[in-house]
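Structure first, commentary second.
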Amino acid sequence: MANVNRFSLHDIALQPEQLRRQLQDPACGGYAAFEGWVRDSNEGRTVLRLEYEAFGALALREGERILAEAQRRFGVARAGCAHRVGTLAIGELAVWVGVSAPHRGEAFDACRYIIDEVKHRVPIWKKEYYQDGDSGWVNCERCAAVASHGHDEPLAQEHAAHGHHGR
Amino acid sequence: MSAPELYGLVLTGGRSRRMQRDKANLEYAGKSQLQRAMDLLTPLVARCFVSVRTDQLQDPRRASYDTIIDELPNLGPMGGIHAALHAYPDRGWLVLACDLPFLDRATLQHLIEHRASARVATAYRSSFDGQPEPLCAIFEPRSLVVIDESLAQSQQCPRALLARSDVELLDLPNPRALDNVNTGEEYAAAQAALDAATPAAPTSAPTSAPASLITAPLRRVKVRYFAVLREQAGRSTEELETQAGTPGQLYDELQRLRGLTLAPEFLRVAVNDEFGDWRAPLSDGDTVVFLPPVAGG
């Protein structure tokens, strides 16, 4: 199977129609896509806008690895993922995942796999700007080093439960 | 199979009969032996503890660190090692005596790099008699069984224990690194040697001063910062010369230098645009990125 996967980062609005075209394949009877949109609230706070920042070189490598894994695991023909960076308004398209496959089942499964892995593994960070004027980096606010030499076991367990990658 | 996570233990429980004083508080170049040992070991392990007797818990020098109480205080170093392995039986333990004034970071790194986690322990061969040195050694989880057996037979000598166990034995890269100090004369000689080796620095120098007195080679590395760390560092990139030998040591240094608040256990590290290992050696010219928890999608 030719490697036609493509993971990309964009600092302008994503164009799903164009992205979808890369996945067209006469051997495929199914296409599944996921779009992640900017939501106006998170954990009870009103969000005004977002900023995404990426470590480009590694994000592209890890993104491509995820797409290749999905292709191998689910036997799908083509898979793509495009992620925004920069400032995004509420309702904007933040991430697009698309998969084409001979049958719908693999397409759905691979699509789900890709978005889940991207969220956990690709070095992209999200800063939320809230209505109250505050802002914060998602998943980073509870990661401060313990100031004293106290036992930090509970913190480490909480962190593990959230599935971040430790050293 | 990956090696069990490595914790550190600095032994301070022993009484110095010959010197009639607490060895942990002996000072060299303005630092107590205990602080020197903790400064050396802490950046190299996931967590670092001081082994104490219950009657030492109130000592402020010891109390400023995480402690493991030696429940069998009359057994010498074996009691402290036993207590640590009981408290965290699934970790490897790098055990250090605090009275090793010549110990340097390279010696500890060499030990860690050559760790044989499938064996009972990894230790250095003594420069004097070729026997295993138990007080700068890594004890693996499986050593607990061997220690329990020894204690059941009233055998308390950790050196004898290692000598009859399945141990990875290494030659010391620096043959003097484990020389210890047992008499007033030896202490005076060590003080003079180390004071002479320490560059003149204000006594109020922060703990970011190099912990090793044997000067480690400087590496020139580039650091890139992203997201919350970029904001905390107030820059997106910097180049610096460092004695840090691994990304873990570099982060330790930058945490202090740049006031980074994220604890390393929440971060991943990338070296030269690929995910890296916190304990792998850094090379001159490497580009290092510390990755905060990600939040794409």
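Naming: A, B, ... by sequence-line order, numbering from 1 per chain. Remember, it's a predicted structure, so these values are computed and weren't measured experimentally.
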* Would Arg224(B) and Glu53(A) count as a salt bridge (charged side-chain N to carboxylate O under 4.0 Å, His left out) if you check the C-alpha gap in whole Å, the side-chain angles of each, and the deciding distance to 0.1 Å? -> CA-CA 13 Å; Arg224(B) 295 179 68 193; Glu53(A) 180 171 339; over 6 Å; no
* Asp273(B) side chain to Ala57(A) backbone, donor-acceptor under 3.5 Å -> no
* Using non-hydrogen atoms and a limit below 4.5 Å, what part of residues 90-113 of chain A faces chain B? -> Val95(A)
* Locate the shortest heavy-atom distance separating Val294(B) from Asn139(A); write the atom from each residue and the value. => O-ND2, 2.9 Å
* **Neighbourhood of chain B inside residues 126-138 of chain A, taking heavy atoms under 4.5 Å as contact** => Lys126(A), Lys127(A), Trp137(A), Val138(A)
* Structure fact -> So, the part of Val289(B) with a heavy atom under 4.5 Å from chain A: the answer is side chain
* Can you say whether Ala59(A) sits under 4.5 Å from chain B via the side chain, the backbone, both, or neither, judging by heavy atoms? -> neither
* Donor-acceptor pair, side chain of Trp125(A) and main chain of Pro292(B), under 3.5 angstrom -> yes
* Where on Glu51(A) is there a heavy atom nearer than 4.5 Å to chain B: the side chain, the backbone, both, or neither? -> neither
* To do: Go through Leu58(A) and Glu274(B) one step at a time and tell me if the side chain to side chain contact (heavy atoms under 4.5 Å, CB included) criterion holds.
  => CA-CA 6 Å; Leu58(A) 185 55; Glu274(B) 192 50 270; 3.5 Å; yes
* Asked: Does the pair Arg61(A) and Phe275(B) meet the rule for a side chain to side chain contact (heavy atoms under 4.5 Å, CB included), with working shown?
  -> CA-CA 10 Å; Arg61(A) 281 187 178 178; Phe275(B) 291 112; over 6 Å; no
* Asked: With no hydrogens and no angle check, is any side-chain donor or acceptor of Tyr52(A) less than 3.5 Å from a backbone partner on Ala295(B)?
  -> no
* **Side-chain (His83(A)) to main-chain (Gly297(B)) donor-acceptor, under 3.5 angstrom** => yes
